[in-house]
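Since the model is a prediction, treat every value here as computed from it, not as a measurement. Throughout, protein chains are lettered first and strands after them, A, B, ... in sequence-line order, and every chain is numbered starting at 1.
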Amino acid sequence: MSGTVVTRFAPSPTGFLHIGGARTALFNWLFARHHGGKMLLRIEDTDRERSTEAAIQAILDGMTWLGLDWEGEVVHQFARAARHREVAEELLRRGKAYYCYATPEELEEMRALARKEGRPMRYDGRWRDRDPAEAPAGVKPVIRLKAPQTGETVVDDQVQGRVTWQNKDLDDLVLLRSDGTPTYMLAVVVDDHDMGVTHIIRGDDHLTNAARQTQIYEALGWAAPVMAHIPLIHGPDGAKLSKRHGALGIDAYRSMGYLPAALRNYLVRLGWSHGDQEIFSTEEMIAAFNLASIGRSPARFDFAKLENLNGHYMRLAPDEELVRAIEALLPEIGPARGLGTSLEPALRAKLLAAMPGLKERAKTLIELLDSASYLYASRPLQLDEKARGILDDDARTRLGQVLRRLESLDAWTPAGTEAAVRAAAEEAGVKLGLMAQPLRAALTGRSTSPGLFDVMEVLGREESLARLRDQTR
RNA sequence: GCGCCCAUCGUCUAGCGGUCUAGGACGUCGCCCUUUCACGGCGAAAACAGGGGUUCGAGUCCCCUUGGGCGCGCCA
């Protein structure tokens, strides 16, 4: 089908899948879905030195976790080196490329001189029209594109608009290295063509590359795909993303307790908008996504907004799903909390029962688990500072009064315990809060928690009473 | 240095010449709800980088300045 949209996500496996790459993948995925097309995945591993298997796995895992799937087999670019070479040689035969015998040293001199004289740093084309017979012995040549030297190269970008370069500002790029392996610039063009890619959506750090690749397409006589260069994501300080702030692997966001749905929603609104809408289900994103509404200015990464969104999606999530999400994270975060790597059935049941009250109050899965610590804390409870402050002598006296009423309670239900506590407060002549806070402190060891009567229900009669006795003694 | 791109509240953004005394969201600050904290509700402070044009009219078009970003490898 000629009208079918084919996009691709083409990361280089020299590191993890970072936040910018994840958004690029998301945009490609959304665009393909929107048009009923497909997204392909290609690993750009032509740099043998820096590509690692671990990085490839991290990228695949990251995408899977984010819920982004791809069509067919993953294409490994390096495996296609023979084809790339064939194309380079074809260009050579057709006079669109030439052998260049300049050594790395010569190239470095060229750049140094250019820098000194304040000229653009470009290859000077010294072998462009030279007879290969003059080739120095023992030097393996590279193949360079014989790029046009006059006129201009135009990229009609769907995001950036019509961008024009003067050809005199672009030099003859290397297509095939002296060892016979293709450069990225060649490989991308050949692969996108061979894979039938119709739309290239990628970071705008590739905008200049788009011009050079366009020249290759033209030399080859191939039609270039539609291009869309999206602005990069910056750190909170506006500078390039560094390890210090946002340039974490996508797995780090998982570890921090964010939900894939929240991250997708956060990411889709970074650079793209749909009127005033902030919340998008995956279906809504797919339905509304378009290239025209992608902004041209870079965005800063903002954890506060991600957290807010994450809280939103956690409140929306079914309790069972949240328990499972926590369980999935437990190998990482359980041991430090004395929980091991999986939940005991009894604790799991309590966590599930307490979830409605818990999820209302947490912004991440980590916070969620921590806020549930009263469920798995052992007696006598360690009181935090605020809880200690609440449990002064007066408070403990009041605690004793409620305790007697609770001990004689027939039905241990939220309604029952609430009635008892209210009665005790009335009897003591204090507001409910003065009775409730000491209870909370004794029951959870903290000054904040879900609704008290829910806490007591989940904890159960015996555990609740025992915790209260611990603090009245 | 050269090339290219960008510029609305602290942040993400709406705005596509007149309806903008610039809207929404996050964050911040009040108030309400309330057994705490959240949630929720109500409200507030908060922006068109600067200068020139074009036009009857400019946040919206053009130019310059300033400020950011990206690229300039036999890396991708």
Polar atoms only, N or O, under 3.5 Å: list the protein pairs with nucleotides 64-66 of chain B and their distances.
none

Quiz prompt | A:Ser273 side chain, from C-beta outward: closest of B:A76, B:U11, B:A14 | solution = B:A14
Quiz item: Does a distance-only test, which skips hydrogens and angles, find a donor-acceptor pair under 3.5 Å between the side chain of A:Asn209 and the base of B:A76?
Solution: yes
Quiz item: Looking at B:C74, B:U36, B:G3, which one has an atom nearest to any side-chain atom of A:Val142?
Solution: B:C74
Exercise. Would you indicate what A:Ser371 reaches in the nucleic acid, counting non-hydrogen atoms under 4.0 angstrom: base, sugar-phosphate, or nothing?
Key: nothing
Quiz item: Which part of the nucleic acid, if any, lies within contact of A:Leu452, taking any heavy atom under 4.0 Å across all strands shown: a base, the sugar-phosphate backbone alone, or nothing?
Solution: base
Quiz item: In chain order, what residues pass the side chain to side chain donor-acceptor pair (under 3.5 Å) check against A:Glu321, with sequence neighbours excluded?
Solution: none
Quiz prompt | Backbone of A:Leu207 reached by a side-chain donor or acceptor of A:Asp204 within 3.5 Å | solution = no
Quiz prompt | Cationic tip of A:Arg48 above A:Phe78 ring, under 6.0 Å, 45° of axis | solution = yes
Exercise. Once you apply the 3.5 Å cut-off to both distances, tell me the Watson-Crick or G-U wobble partner of B:C2, or none.
Key: B:G71
Self-check item: Contact list for residues 439-448 of chain A, test side-chain hydrogen bond (donor to acceptor under 3.5 Å, both in side chains), sequence neighbours left out
Solution: A:Ser373-A:Arg446, A:Gln437-A:Arg440, A:Arg440-A:Ser449
Quiz item: Hey, does A:Arg111 reach any base, or is it just sugar-phosphate, or nothing, if we go heavy atoms under 4.0 Å?
Solution: sugar-phosphate
Practice problem: Quick one: label A:Ser178 by what it contacts on the DNA or RNA (base, sugar-phosphate, nothing), any heavy atom closer than 4.0 Å. | Solution: base
Quiz item: Is it true that the side chains of A:Arg396 and A:Gln471 contain a donor and an acceptor less than 3.5 Å apart?
Solution: yes
Quiz item: Which one, B:U35, B:C74, B:C37, comes nearest to the side chain of A:Thr448?
Solution: B:C37
Quiz prompt | Gap separating the OG1 atom of A:Thr46 from the CD atom of A:Gln77, nearest 0.5 angstrom | solution = 5.0 Å
Quiz item: Hey, are A:Asn290 and A:Ser293 close enough side-chain-wise for a donor-acceptor pair under 3.5 Å?
Solution: yes
Quiz item: Residues two or more places apart in sequence or in another chain: which of them pass ring pair (Phe, Tyr, Trp, His ring centres under 6.0 Å) with A:Tyr258?
Solution: none
Self-check item: Nearest-nucleotide 5' precedence on RNA chain B, A:Ala362 against A:Gln166
Solution: A:Gln166
Practice problem: Quote, to the nearest angstrom, the C1' distance that separates B:C29 from B:G10. | Solution: 14 Å
Quiz item: Is any NZ, NE, NH1 or NH2 atom of the basic residue among A:Arg405 and A:Glu427 found under 4.0 Å from an Asp or Glu carboxylate oxygen of the other?
Solution: yes
Quiz item: If you measure from the P atom in B:C70 to the same atom in B:C12, how many Å do you get, rounded?
Solution: 15 Å
Quiz item: When you check the phosphate oxygens OP1 and OP2 of B:A76, does a side-chain N or O of A:Thr46 lie under 4.0 Å from one of them?
Solution: yes
Quiz prompt | Residues that A:Phe31 engages under ring pair (Phe, Tyr, Trp, His ring centres under 6.0 Å), provided they are two or more places apart | solution = A:His35, A:His199
Quiz item: Between A:Tyr123 and A:Arg144, is there a cation-pi geometry (under 6.0 Å to ring centre, at most 45° from the normal)?
Solution: yes
Quiz item: Using a cut-off of 4.0 Å on non-hydrogen atoms, how would the nucleic acid contact of A:Glu360 be classed: base, sugar-phosphate, or nothing?
Solution: base
Polar atoms only, N or O, under 3.5 Å: list the protein pairs with nucleotides 5-8 of chain B and their distances.
unit_1	atom_1	unit_2	atom_2	d
B:C5	O3'	A:Gln160	OE1	3.4
B:C5	O2'	A:Gln160	OE1	3.0

Quiz item: Is there a donor and acceptor pair, one atom on the side chain of A:Arg440 and one on the base of B:U35, closer than 3.5 Å?
Solution: yes
Practice problem: Scan residues 185-193 of chain A against RNA chain B and write down, sorted by residue number, each residue with any heavy atom closer than 4.0 Å; if none is found, say none. | Solution: A:Met185
Quiz item: So, for A:Tyr253 and A:Phe301, is the gap between ring centers shorter than 6.0 Å?
Solution: yes
Tabulate atom names and distances for all N/O pairs under 3.5 angstrom spanning the protein and nucleotides 20-27 of chain B.
unit_1	atom_1	unit_2	atom_2	d
B:G23	N2	A:Asp276	OD1	2.9
B:G24	N2	A:Glu278	OE2	2.6
B:A25	O4'	A:Glu278	OE2	3.4
B:A25	N3	A:Lys305	NZ	3.4
B:C26	O3'	A:Asn308	ND2	3.2
B:C26	O2'	A:Lys305	N	3.4

Practice problem: Please list, chain by chain and in numerical order, all residues satisfying ring pair (Phe, Tyr, Trp, His ring centres under 6.0 Å) with A:Trp70, sequence neighbours excluded. | Solution: none
Self-check item: Nucleotide forming a Watson-Crick or wobble pair with B:A44, both distances under 3.5 Å
Solution: B:U28
Quiz prompt | B:U60 versus B:C72 - spacing of their C1' atoms, nearest Å | solution = 34 Å
Quiz item: Are more than 12 heavy atoms from other residues, nucleotides or ligands located less than 6.0 Å from atom CD of A:Glu134?
Solution: yes
Quiz item: Touch check for A:Leu232, heavy atoms < 4.0 angstrom, all strands: base, sugar-phosphate only, or nothing?
Solution: sugar-phosphate
Quiz item: Given atom NZ of A:Lys431 and atom C1' of B:U34, what is their separation to the nearest angstrom?
Solution: 11 Å
Exercise. Report which part of the nucleic acid A:Ala102 touches: base, sugar-phosphate, or nothing (heavy-atom distance under 4.0 Å, all strands).
Key: base
Quiz item: Which base sits across from B:C37 as a Watson-Crick or G-U pair, both distances under 3.5 Å?
Solution: none
Quiz item: In terms of the nearest nucleotide of RNA chain B, which residue is placed more toward the 5' end: A:Thr103 or A:Glu418?
Solution: A:Glu418
Quiz item: Touch check for A:Pro231, heavy atoms < 4.0 angstrom, all strands: base, sugar-phosphate only, or nothing?
Solution: nothing
What's touching nucleotides 42-49 of chain B from the protein side, N or O pairs under 3.5 Å?
none

Exercise. Tell which nucleotide pairs with B:C20, taking only Watson-Crick or G-U wobble pairs whose two distances are both under 3.5 angstrom.
Key: none
Quiz item: Looking at residues at least two apart in the chain, or sitting in another chain, which of them share a ring pair (Phe, Tyr, Trp, His ring centres under 6.0 Å) with A:Tyr98?
Solution: none
Quiz item: Are A:Arg23 and A:Phe27 in a cation-pi contact, defined as NZ or CZ under 6.0 Å from the six-membered ring centre and within 45° of the axis?
Solution: yes
Quiz item: After noting the C-alpha distance and the side-chain angles of A:Thr214 and A:Met227, does the key distance pass the side-chain contact (heavy atoms from CB on, under 4.5 Å) rule?
Solution: CA-CA 10 Å; A:Thr214 298; A:Met227 300 199 187; 4.3 Å; yes
Quiz item: So what does A:Gly271 hit on the nucleic acid, given a heavy-atom distance under 4.0 Å: a base, only sugar-phosphate, or nothing?
Solution: sugar-phosphate
Quiz prompt | Integer angstrom distance from the P of B:G59 to that of B:G68 | solution = 26 Å
Quiz item: What nucleic acid atoms does A:Arg422 come within less than 4.0 Å of, heavy atoms only: base, sugar-phosphate, or nothing?
Solution: sugar-phosphate
Exercise. Assess whether side chain to side chain donor-acceptor pair (under 3.5 Å) is satisfied between A:Gln215 and A:Asn167, documenting all intermediate values.
Key: CA-CA 9 Å; A:Gln215 294 186 328; A:Asn167 286 334; 3.2 Å; yes
Quiz item: Among pairs that include at least one residue of residues 137-195 of chain A, which meet ring pair (Phe, Tyr, Trp, His ring centres under 6.0 Å), considering only residues two or more places apart or in two chains?
Solution: A:Tyr184-A:His206, A:His193-A:Trp222
Quiz item: Checking all strands, does A:Phe453 fall into the base, sugar-phosphate, or nothing category for heavy-atom contacts under 4.0 angstrom?
Solution: base
Quiz item: Base, sugar-phosphate, or nothing: which does A:Arg48 touch, judged by heavy atoms less than 4.0 Å apart?
Solution: nothing
Quiz item: If you check every side-chain atom of A:Thr183, which of B:G40, B:C12, B:A76 has the closest atom?
Solution: B:A76
Quiz item: When you measure from the side chain of A:Arg315, which nucleotide among B:C4, B:C74, B:C39 comes out closest?
Solution: B:C39
